[in-house]
Structure formats: structure tokens, C-alpha cells
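In what follows, a single structure is set out as C-alpha cells and then discussed.
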Protein chains: 2
Amino acid sequence: MNRLRIGLLGCGHVGAALVSLLDEQRAEVAARTGIELEITRIAVRSTAKDRGLRIDPSVFGTDAAAVVSDDDVDLVVEVIGGIEPARTLVGSAIAAGKPVVTANKELLANYGAELFAAADDAGVDLLFEAAVAGAIPLIRPLRESLAAEPVERIMGIVNGTTNYILTQMAERGASYAEALSEAQSLGYAERDPTADVEGFDAGAKAAIIATVAFGAVVVAGDVYHEGISRLTLHDIEMARRLGYAVKAVAVAERTGNGEAQQPELAVRVHPAMVPFQHPLASVRDSFNAVFIQGDAVGELMFYGRGAGGRPTASAVLGDLVDAAVNLTSGGRGRIGHLVRARIRSIDDLRSAYYIGLEVADRPGVLASVADVFGRHDVSIRSMEQHGPRGRANRRPHPARAGEAVARAARERSERERETRPIDASGSHRFLDARSDDASLVFITHECRERDLQSTLRELRDLEPVHELGTVIRVIGDEHQQH
Amino acid sequence: MNRLRIGLLGCGHVGAALVSLLDEQRAEVAARTGIELEITRIAVRSTAKDRGLRIDPSVFGTDAAAVVSDDDVDLVVEVIGGIEPARTLVGSAIAAGKPVVTANKELLANYGAELFAAADDAGVDLLFEAAVAGAIPLIRPLRESLAAEPVERIMGIVNGTTNYILTQMAERGASYAEALSEAQSLGYAERDPTADVEGFDAGAKAAIIATVAFGAVVVAGDVYHEGISRLTLHDIEMARRLGYAVKAVAVAERTGNGEAQQPELAVRVHPAMVPFQHPLASVRDSFNAVFIQGDAVGELMFYGRGAGGRPTASAVLGDLVDAAVNLTSGGRGRIGHLVRARIRSIDDLRSAYYIGLEVADRPGVLASVADVFGRHDVSIRSMEQHGPRGRANRRPHPARAGEAVARAARERSERERETRPIDASGSHRFLDARSDDASLVFITHECRERDLQSTLRELRDLEPVHELGTVIRVIGDEHQQH
């Protein structure tokens, strides 16, 4: 029986859960691998705090650097979070030839390339399954199972807080503010929710996913992001009527113009409309899911808990066992050689878009709006007019995120009957005459973001346009299950 | 650059797709791993057949044993299928110290323990990601990511043919025979569909999943199975009204009474009612998905293509790259030490059940039916009476598998208003008086299978019971997303 000693850096939710989980699973791990794992040192800010753990109190100390350099520590687990001192500590462990398991997304999304290269040079494992999508096995499948797969695109719901908020809005008709406040009271959202709701957290995860999936260096700063704080119940209800759920997604894709040594990638985080029949649409509450499209593998999705002490500790422990087996057998996890990526600007994105407009309800308006789209090469896939916003659109919200495909289809065909065709001549019969304002909702065909933005700028200045509503990218329409 | 030579046994759909995929991905694999993979020999039944592959025709031959023993073959891929000659060939390759990648579920579900032990003794890889759930990375996450996770239960949709048939029945109102015939014309089902529709294929996969997840020997013969061929549209429609999708599932679970050295497991394949809000309910068409419940990890689901040449080849290639990296670096995949399992009899299963009865429509009938349940310790969670089957139950089938949670909830509350309470006194107001026959639908609380079967036997003989309909186990009701 081999015995390996673990130095644990940090003992918050995840660290404490790891101590308990390892205690419960030690015998099972030993039976399966022939290795006994023991946490022999834990670095914390204060040793005074009672964490209620079944572990010898003498393992606690406040000198993290001493834990890393201790000759009696074989493996290091870093669950402090943030850039420093984590970066220095992880670097020292690697330099000392000690495998590192980390759950630190900020660190990897900013200094991953430097740390991976150091680990590669030193010939030690640097494992980080817990850094993205918590408990979901994602990094290992991407690195190993899909090592030879031509991955084209990855779309993920990787922030549980925003998914919880959007689920509450869609299913209970809660406003954004109400849903956020509820998420805060449940501990899903921080008092300052910026990192979650503005997409910084998801952006860091997207950078790590892109790095692993495409074998290229992508950092947090490369990721375009838009948050969910401007989304309204009206947007979500309109999306539902059109057959879509609104989700905050992280997208990483190969855009096809790069060479093998410098692939061109697009990496972004933003709200998106996802068709109800797409597997991502039924991911509810604080769950995470990552959807992968590959040329050979087709479509894959991984679903599970994105956060929480015990689920995250499960991912850390899986990595620890892996690193321990490698340490005793001489094997090693692999990130492979990373190339530099060219990051495609969001301006060059090709996407379909949902656009809401409040316009004056009078003849000729649609013609002038349609003219703006046309002049910017933005072609319209569908248009609906819903009459005065205050009446037609404030329906009750019975829908839940897993809203029936059939219902959407039924409503779509009703809509096709009800919606009067675009009458570019602008005759009075098009717009609802009973009000001063009318709501127009457009979904475009795929077009360039740059052209869409020019269109929006011009629309904003168009006299009959009273308000330009939320613009939401539409994804996953190509999804067909068979 | 290392160069490794592959001997391929079999060149059907999967083998041919592997030849093409490796050809496309060779440079990428080499860039990432420093290893050049080349298929140097292929054993086929007939060399005359033109497979349209871009590969030197001289690599083809008919002597599979010679491919295995060839000193110029470093790794062996077995995609012949079936027990023999695959068993002998895989055994010879392992004995010769050559790593083996196989997609052969029959072989592993019957002789896995013998082959894993041989691979372990010889210190070579035996990898089989493609044998279960095709392209979905499942075996590697179970073996590695979840090596230290206390996995409690795995529920999978692992047969694409039956899922396609059930989806067609649920969404289009196709009969079982129509849906089967369509699956056959699309190539999803064999001319003799027994292996798929009676659960043999899923049973073999369940045995492999249980072996890997619980580290215990489980063979195909240990798996209880029931097929889908007796399911009717009526069953599926009733399930929908109650808020459930009907799915053919494979379940492997730890039943808790065993010791570490001999865990007690239950492994079975049968149709099941799965609540619409459960992630498995929205797995449509020929897709596969595997849902995992663990004490630490919570709930995980893996979703993707369960079959098809190219998706399966993607899984084989992932394993090949893994085996190649291990071969050059000295590492090795691990199945770990397998213990013997105690298999719990289906009689001891605890489950909830859906039961349909056609009974005489007259006073006192419900009382006598309820009495039978009660005497066998089967307690009833809900009961509905739907009047003459011909009228109330033959509604159109607008529903699709992803049917709205909200709609189910709405219908449930309508039902609660409409359904008259169980009147054990049997007063006439309970049963619909406008017909001779009435349909009763029961869902039980969790009870023992043995007690349920005694109940059914007695009900079958009860005079007012004209017909005992399909009995379907109900699973996943404990699923709560938060």
C-alpha cells in the first residue's frame, strides 16, 4: 500500500468538504487503487476557526508556503481562489515537482498557459476539473476522450447563479430584481453579484474550456461578454412565444479561418435564445451543462452541479486520485502542446438575432424600418407585431424552462395564422391602430454582428422608433435530433 | 515523433469510419501527443469488397490471428463484435502485451472479468469507451473522474432504437408496430429487433456500466430485463397525463446491504415512467443519455449519440490515443481490482408502480380492488378513473417527450379537482355509470416487487377485473432541481 500525503491550501466550503469526503472514501480509494491518501497539512488564514472537521487540529497552520515546501507533502491541493498568493504557491509546488490539483478558475483563465508550461517542463500533473462546471467531468473528457475529435463548438451554461435567475423569471414570472434577490438569499449569488450577472465568471470558464478543447492559449481578457442584467420579463415571454428559452451561455468555437498552428477562435459569453427542443433549454435552476458539437462525435452534453462544496470536492478528489495514481505509476495527465490562438472579434460573429422595437403606430413605419435592415444586409427571418405592449404582452407566465416543443409548434402555427404579413408598402392595415405605440419583434437570418450593430445604430435614430429593446443572439436552431 | 502501428480487426461501419477519421485527424493527434498513429493491417472476412477507403489495399487480409501476432502491430482495435473469435483474439493480443481497444459489448458483458484480469496481469490497456453509449464519454469519467465518488445509482437510456420507437409513439401517436417499422426502414432497428426491443442490448450495456461504476463483476446474465413490445399508445398517453414520459431505462444501483468486498447491486432494464422535469425525460429520438446519482457529486448526466459509425469511431479513436500515449509514456488506464457482487433479485426491488385496470363499472368494485392492494402491503399514492376507455383516453397526441413541466402541473391540479376521491365504501357515485367498463389507473407508493406481483396475481383473478393493463415502474420522482 502506497501512502501519499496531501497539503491542502485553503479550507473554505470546498476544502472542508474535501476533508470530509476523503475521510469517508479513503478505504474505497485504497481498495481500488492501492493508495492511501491522507491530508497531513492544511493552510488557512486563521487556525482559531472551528470547522467541525474530523481531523487532527495540529494539521492546521497559517503558512501556505511552508505547506508547499514541506518534504512530507507529496501532492498539493489549491482551493484558495484568486490570483495571489495562489499563483506563487502553485508555481512553487510545480517547481518542487509536486502535482497540483486546483479549483481556481481566475488563476487558470489568466495564467494557465504559464502554469501548464511549467507543469509540462517539470513533468508533474496540474489538474483542474473543479475549475469549470464544478462536479461535471468535463476537462478530462475534453482532454482525453475527445483528444482526437474535431471539436467545432462548445456552448455551456456554466454559471449557476444566472441560470437560477433566468429560470425563476421564466417559470415564476419573477422580475430580474426579485430573482436576483432570491438567489442572494439562497446563497447562490454574492452581495455584489457583478462577477456572475455581468459574465466575468462565465468568461473565465469559457477561456479555460477553449484552451482545453482547442489546445490553444485563450485568456479571460480574450472573451467578449455581455451580462443578463438588462433582460426583462417581456424579453423572456416574447422568446417563449417564439419557441425559445433565454439562457446565459458561454460559447467557444473554431471559426475556420485559422491554420493548425494558429487556429482562429471565437469565445464569448452572452444571453441567448435557445430553441426549446435543444438539450440546453431544459437545464434549469442552478444546474450547469456543457454542449459539445464535433464533426465525428456529433452532439454531446454533460450536465450536473456547477457549484457547491461537496460536488466541487468530488471533482477535486477525482483529480487527486488521478494525480496519485500517476505519481505512483509514472504516468501523467496531459494538456499537450498549446498553440497561440487568433481571437476573432465579436464584430465578425455571424449569428441570428432577436430584436424588439417600440415604434409609432402609423402607416409607413414598417417600410422605413425594413429599409434600414435591408440597407445593412440584414435579412429578416420572421417579424411579429404585438400591438400595444401594455396589453398584449403582459400575459401571465405559466411557462417553465422545459416548455413543450409541441406547444411552441402549436403556437407558432397559430402565430402564422394571426400575424399579418410584412406589408412594406406601409398600408394602415399592418399596425394596430388602437394605440400610439406598437411592439415589433424581429428574428433575423444569420448575419454579421458588425452589420447588425450598424442597423441598430440607425434604427435608434429613426424618428418613429421610440425604443430599441433588448437584442438577443439566437443559437442552436440547427439542432435536430434524430 | 513516435510512430505506432495499429492492427484493426473488422472493417464494418465502425472500422471503416475509424480508418477515415484517423486519416483526417492524424496530423492533429501528432501535434497534440507527439505520436503518429497508422493502421498497418486490417483483418476482414473478404478482401474483395470495396470499402471506398483512402488506404493502401495491401493492408487488408483475412487472417485476424496473424494481425494480432504480427510483430509490426503495436496496438489492436477489435470491432468484429460477438463472442468468438473476438474473445480469443483479444486474449491473444493481451497475452502478447499489446493494448486493445474494443467496442464489443457482448464480449465485455460476458467475459469482461476474465479479460480485465488478463490485461491487469499483462500490464496492458484494455479500453472500451465505444462499447456503451457509443460516442458518449462515460467509461473514462466513471473510472477516473468518479473513482472516489460514492456512486449510488445509474439510470441510462442506452438503446437508441427503443428510444426512437418510444419518441415516435409519444410525439406522433404512432403505434408500436408503426414506429418499429419506421426504425427498421431508417436502419435504426434490425430486421429481427429482439435484441433491442426485448432489452438484451441494453442489458449487456448495463452489466458493463455496473462493473465499471461499482468495481464489481456483473455479467449480462445478472441483468433482469423487460422489453418495450407490450407498451401501448394508451400507456404512453396515460403517463403523459400524469406528468411522465415512458422510457426504456437501464438501472444499476447499490442496494446498500452488501459489504465493501461484496457489494449488493441491482441491475435491470425495463420500461419506466420518468417525470417530465427529470433530465432523462427530454432525451429524444435515437439519442442516449446516462444519469448518475452520487452522494457527493449529486446528479450528473451525459448525453449524446449512442450509435453510428462515425460517432462510435470517435470514441474508439479517443481510446486509441489514450492507449498510445500510455504505451509511450509507461502509464496505463485502470479498471482497478474487481470484487464479486451479490445481485439482488428483482423480487426485492423497491419501486413505485403504475398499474392500469379495466373493471366492471358498478358499485363496490373499487372497494374490492383497494382491499387487494391493502392486504399485500401495497399502498396507493394516486388513483384516477377515466371512464370508458374508448372515450376519455383516445385523445389526440399532441405531446412530445419534452412536454412542459408546467402543463403537467396544471393538468395535475385539474385532475385533483376532477377526480373524485377513492370511495372505499364503493358507493355508486365513484364509477362512471354510462358504460359497462371503467379504466382505473393507480400509482403506488414505493413497495416491494414481490408484494406487487402477488397483488397483480390476485387482481387478475378478481371477478370484476376485466383486464390487467401494462404495469410500468415509476422512477426519478425524487429528482428535484435547485
Side-chain angles (χ1 to χ4, degrees), chain A residues 21 25 27 29 31-33 129 135-137 140-141 144-150 215 260 276-277 279 282 284-287 294 296-305 310-311 313-314 317-318 321-322 325-326 329-332 334 336-337 398-400 402-407 410 481-482, chain B residues 21 25 27-29 31-33 129 135-137 140-141 144-150 215 260 276-277 279 282 284-287 294 296-305 310-311 313-314 317-318 321-322 325-326 329-332 334 336-337 398-400 402-407 481-482:
Chain A
L21 185 59
Q25 293 299 109
V29 170
R32 287 210 188 190
T33 62
E129 188 65 81
I136 306 174
R140 181 170 288 101
E144 301 182 10
S145 309
L146 301 176
E149 169 67 31
F276 282 127
Q277 67 269 39
S282 52
R284 300 173 53 239
D285 288 336
S286 65
F287 274 86
V297 84
E299 300 180 342
L300 290 177
M301 190 172 84
F302 299 85
Y303 165 98
R305 293 263 166 217
R310 222 167 136 78
S314 172
L317 186 52
V321 171
D322 207 19
V325 168
N326 286 338
S329 72
R332 192 149 65 84
R334 53 185 190 275
H337 173 62
R400 301 183 57 143
E403 175 68 11
V405 171
R407 178 165 167 187
R410 238 174 8 251
Q481 293 197 339
H482 283 299
Chain B
L21 186 59
Q25 292 299 107
E28 179 84 19
V29 170
R32 288 209 187 190
T33 64
E129 189 64 80
I136 307 174
R140 181 171 287 102
E144 300 183 11
S145 310
L146 301 176
E149 168 68 31
F276 282 128
Q277 67 269 39
S282 52
R284 299 173 53 241
D285 287 337
S286 66
F287 275 86
V297 85
E299 299 179 343
L300 291 177
M301 191 172 83
F302 300 85
Y303 164 99
R305 292 262 167 219
R310 222 167 135 79
S314 172
L317 186 53
V321 170
D322 206 18
V325 169
N326 286 338
S329 72
R332 191 149 67 83
R334 53 186 189 275
H337 173 61
R400 301 186 52 147
E403 174 67 12
V405 172
R407 177 163 168 187
Q481 292 196 340
H482 282 299

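Numbered from 1 within each chain, the chains take letters A, B, ... in sequence-line order. Remember, it's a predicted structure, so these values are computed and weren't measured experimentally. Below, all heavy atoms of this structure are taken into account, side chains as well, without hydrogens, waters or symmetry copies.
- Both the backbone and the side chain of B:A148 come within less than 4.5 Å of a heavy atom of chain A.
- Between B:E129 and A:S145, the shortest heavy-atom distance links the atoms OE1-OG, 4.3 Å.
- Rounding to the nearest 0.5 Å places CE of B:M301 at 4.5 Å from CE of A:M301.
- Two residues are said to be in side-chain contact when any heavy atoms from C-beta on lie closer than 4.5 Å; A:Q25 and B:P150 meet this criterion.
- In this structure, B:I136 and A:L300 approach most closely via the heavy-atom pair CA-CD2, 3.8 Å.
- For A:E144 against B:D322, the heavy-atom pair with the smallest separation is OE1-OD1, 4.2 Å.
- Ranked by heavy-atom pairs under 4.5 Å with chain B, the list A:A135, A:P137, A:A27, A:G304 is led by A:P137.
- B:L21 touches chain A through its side chain: at least one heavy atom from C-beta onward sits under 4.5 Å away, while N, CA, C and O do not.
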Chi angles and distances behind the side-chain contact (heavy atoms from CB on, under 4.5 Å) call for B:E299, A:F287: CA-CA 9 Å; B:E299 299 179 343; A:F287 274 86; 3.6 Å; yes
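- Within the 4.5 angstrom heavy-atom criterion, atoms from both the backbone and the side chain of B:E149 approach chain A.
- Only the side chain of A:V29 has a heavy atom closer than 4.5 Å to any heavy atom of chain B.
- When the candidates A:A313, A:P311, A:A296 are compared by the number of heavy-atom contacts under 4.5 Å with chain B, A:A296 comes out ahead.
- You'll find the side chain of B:P141 reaches within 4.5 Å of the side chain of A:P141, heavy atoms only.
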